[in-house]
Amino acid sequence: MRRPTRVRLVEVGPRDGLQNEAEILEPALKLRLIEDLAAAGLPAVEAGSFVSPRWVPQMAASAEIYQRLHRRPGTAYPALVPNDTGLEAALAAGVEEVAVFIAASEGFSRKNIACSVAESLERVAPVIGRARARGLRVRGYVSCVVACPYDGAVDPARVAELAAWLVAQGCYEVSLGDTIGVGTADAVRRLIARVAEAIPRQRIAMHFHDTYGQGVANILASLDEGIAVFDSSVAGLGGCPYARGATGNVATEDVLHLLHGLGIETGVDALAVARAGAWISARLNRPNGSRAGRALLAATACSASPETQN
Ligand code: HMG
Ligand code: MG
């Protein structure tokens, strides 16, 4: 399979990244992060979620974020919605694209959204229908596509079935989430090959968490399987509060270093993303989780310092 020559990155740091942070960030800081990432050229920035504030307190201000956001033409700002309540709140806040989320395992579904997988499909189907009827684009997520923190290994056939269901309901793309970051390259290749029997490869996006440091390797494996859309998080922020032990998504800066090194176009300014990553890491008082981001900033500082100039 030929690798794509252009990749679309979906930046999930302001949602998947920040949802796991204990300190509630003020909306102005989130807005700066979202707007800086969009200005760096990222074509999609997931900016919040309309979930229960009791379940994820960090996302409680999502309505305010969307109301105050200065949108760039051509940039998408999807928001997660779990149910009708969330969809209505998202619509009221001016959201133009939503993402629904289901899981490939029962254990995670119950921990994350308090219902079985079958119940979640019943809940989500009308949400997709109503969102589309109101003119919104709808993306779908399937979580725990490799393994579940509660139930163990997941069958790729089950993932394929759920991905096909989301597309049949009207999702334009399905993002396959390795929620706990346990996937390795061959498992990822097998998974994609199996899902591609059920839906076209152009409708598959991959969403890797980097718990075991395999995110970039898994993206290379996915590229070789013809996948051209990836979710990533600036500075490797994040983790899911309902997936024990999961760390952040693969860092956007690391993915950009891989893609640009392979000559694959993204339209994204890697240095601008690295600056945003350093800024938000400092603001959260946590180490910057992107090695490429740290290296790029160090190299830039060196080349700009007086000692290195003739
Ligand atoms: P529940 O407690 O079963 O909900 O939670 P309920 O329908 O029984 O309602 C209980 C209360 O919540 C009611 O309020 C509702 O109004 C309210 P009360 O009458 O008690 O005052 N409520 C809401 N409030 C605001 N927004 C809403 C909403 N819905 C109900 N949308 C529910 C069910 C789905 C709401 C809850 O479990 C939930 O919010 N879960 C979301 C958890 C979450 O956000 N997880 C992280 C995102 S998924 C993820 O990170 C994975 C991903 O990155 C991919 C990957 O890595 O695999 C996408
Ligand atoms: Mg995730």
Side-chain angles (χ1 to χ4, degrees), residues 10-21 44 46-64 66 78-93 95 98-105 107-117 119-124 127 130-131 138-150 154 159 162-163 166 171 173-183 191 205-211 215 218 230-234 236-252:
V10 177
E11 169 61 49
V12 296
R15 194 281 304 171
D16 207 351
L18 295 184
Q19 73 182 6
N20 214 29
E21 292 292 328
E46 203 172 67
S49 63
F50 292 82
V51 299
S52 163
R54 256 186 273 166
W55 285 63
V56 186
Q58 183 67 257
M59 291 293 120
S62 289
E64 182 181 347
Y66 278 92
L80 251 62
V81 297
N83 53 16
D84 255 335
T85 311
L87 174 63
E88 288 307 320
L91 282 162
V95 169
V98 290
V100 296
F101 49 107
I102 59 175
S105 69
F108 183 72
S109 184
R110 288 191 184 281
K111 290 274 193 231
N112 195 41
I113 49 173
C115 65
S116 69
V117 176
E119 285 162 343
S120 77
L121 302 189
E122 275 175 37
R123 192 189 276 175
V124 157
V127 173
R130 269 193 274 281
V138 186
R139 193 171 199 244
Y141 277 107
V142 182
S143 287
C144 297
V145 296
V146 177
C148 168
Y150 309 103
V154 165
V159 180
L162 292 167
L166 284 167
C171 290
E173 180 173 284
V174 179
S175 176
L176 304 179
D178 180 10
T179 316
I180 52 174
V182 291
L191 171 69
M206 297 304 294
H207 176 109
F208 293 112
H209 285 259
D210 210 15
T211 318
N218 288 339
F230 297 99
D231 301 350
S232 62
S233 172
V234 65
L237 294 178
C240 176
Y242 296 101
R244 200 179 46 219
T247 64
N249 300 79
V250 61
T252 307

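Counting starts at 1 for both ligands and their atoms, in listed order.
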message: For Val154, run the side chain to side chain contact (heavy atoms under 4.5 Å, CB included) check against Val146, Asp178, Val159 and tell me which one passes.
response: Val159
statement: For Ser233 and Glu11 the tightest heavy-atom approach is CA-OE2, 3.4 Å
query: Between atom CG of Leu87 and atom CZ of Arg130, what is the distance when rounded to the nearest 0.5 Å?
result: 7.5 Å
message: Regarding ligand 1, does Ser49 bring an N or O atom to under 3.5 Å of one of the ligand's N or O atoms?
response: no
message: As a test of reading the structure, name the N/O/S atom of Asp16 that is nearest the Mg ion (ligand 2).
response: OD2
query: Quick one: CE on Met206 to OG on Ser232, what's the gap to the nearest 0.5 Å?
result: 13.5 Å
Atom pair CG/OG of Asn83 and Ser52 - distance to nearest 0.5 Å: 9.0 Å
message: Restricting to salt bridge (charged side-chain N to carboxylate O under 4.0 Å, His left out), what partner residues turn up for Arg123, sequence neighbours left out?
response: none
task: Give the contacting part of Asn249 toward ligand 1: side chain, backbone, both or neither, where contact means a heavy-atom distance below 4.0 Å.
output: neither
statement: Going by the 4.0 angstrom heavy-atom rule, the piece of Glu88 near ligand 1 is neither
- prompt: So, do Asp210 and Asn249 sit near enough that their side-chain heavy atoms are less than 4.5 Å apart?
  reply: no
Beyond-backbone contact of Tyr141 with Leu80, side-chain heavy atoms, under 4.5 angstrom: yes
- request: Answer yes or no on whether Arg15 is positioned over the face of Phe101, meaning its NZ or CZ is under 6.0 Å from the six-membered ring centre and within 45° of the axis.
  value: no
- prompt: Considering only heavy atoms, does Ser143 approach ligand 1 within less than 4.0 Å through its side chain, its backbone, both, or neither?
  reply: both
- prompt: Do Asp231 and Ser175 meet the criterion of a side-chain donor-acceptor pair at a distance under 3.5 Å?
  reply: yes
task: Determine which of the N, O or S atoms in His209 is closest to the Mg ion (ligand 2) and give its atom name.
output: NE2
- prompt: Tell me, do Leu121 and Leu162 make a side-chain contact under 4.5 Å, heavy atoms counted?
  reply: yes
field: Any N or O of Phe50 closer than 3.5 Å to N or O of ligand 1
entry: yes
message: For His207, run the side chain to side chain contact (heavy atoms under 4.5 Å, CB included) check against Thr179, Val250, Asp16 and tell me which one passes.
response: Asp16
- prompt: In ligand 1, which numbered atoms sit nearer than 4.0 Å to a non-hydrogen atom of Phe101?
  reply: 48 (S)
- request: Using a 4.5 Å cut-off on heavy atoms from C-beta on, say whether the side chain of Leu18 contacts that of Met59.
  value: yes
- request: Determine the interplanar angle of the Tyr66 and Phe50 rings, folded into 0 to 90°, and report it as parallel if under 30°, tilted if 30 to 60°, perpendicular if over 60°.
  value: tilted
field: Distance, nearest 0.5 Å, that separates CD of Gln19 from CG of Leu237
entry: 11.0 Å
task: Number the atoms of ligand 1 from 1 as they appear, then name those within less than 4.0 Å of a heavy atom of Gln19, with their elements.
output: 46 (C), 47 (C), 50 (O)
- prompt: Is Tyr141 close to ligand 1, meaning an N/O of one under 3.5 Å from an N/O of the other?
  reply: no
- prompt: When only distance counts, is Asp178 in polar contact with ligand 1, meaning an N/O pair under 3.5 Å?
  reply: no
- prompt: Out of Ile180, Ile113, Thr85, Leu87, who gets a non-hydrogen atom closest to atom 33 (C) of ligand 1?
  reply: Ile113
- request: Can you sort out which atoms of ligand 1 are near His209, meaning under 4.0 Å from one of its heavy atoms?
  value: 56 (O)
- prompt: Does at least one non-hydrogen atom of Pro53 fall below 4.0 angstrom from an atom of ligand 1?
  reply: yes
message: Quick test of your reading of the structure: of Leu80, Asn112, Val51, Asn83, whose heavy atom lies closest to atom 35 (C) of ligand 1?
response: Asn83
- request: Have a look at ligand 1 and work out which part of Val12, if any, has a heavy atom under 4.0 Å from it: side chain, backbone, both or neither.
  value: neither
message: Only heavy atoms of Gly86, strictly under 4.0 Å: list the atoms of ligand 1 that pass.
response: 31 (N)
message: Applying a heavy-atom cut-off of 4.0 Å, say which part of Asp16 lies close to ligand 1: side chain, backbone, both or neither.
response: side chain
task: Report yes if Phe108 has an N/O atom closer than 3.5 Å to an N/O atom of ligand 1; otherwise report no.
output: no
message: So if I count the atoms of ligand 1 from 1 in the order they appear, which ones are less than 4.0 Å from some heavy atom of Arg123?
response: 34 (C)
Contacting atoms of ligand 1, where contact means under 4.0 angstrom from a heavy atom of Pro82: 31 (N), 34 (C)
query: Closer than 4.0 angstrom: is that true for some heavy atom of Arg15 and an atom of ligand 1?
result: yes
message: Under a 4.0 angstrom heavy-atom cut-off, which atoms of ligand 1 come close to Ala114?
response: 3 (O)
- request: State the atom name: nearest N, O or S atom of His207 to the Mg ion (ligand 2).
  value: NE2
field: For ligand 1, the portion of Val56 having any non-hydrogen atom under 4.0 Å away
entry: side chain
statement: Going by the 4.0 angstrom heavy-atom rule, the piece of Arg54 near ligand 1 is side chain
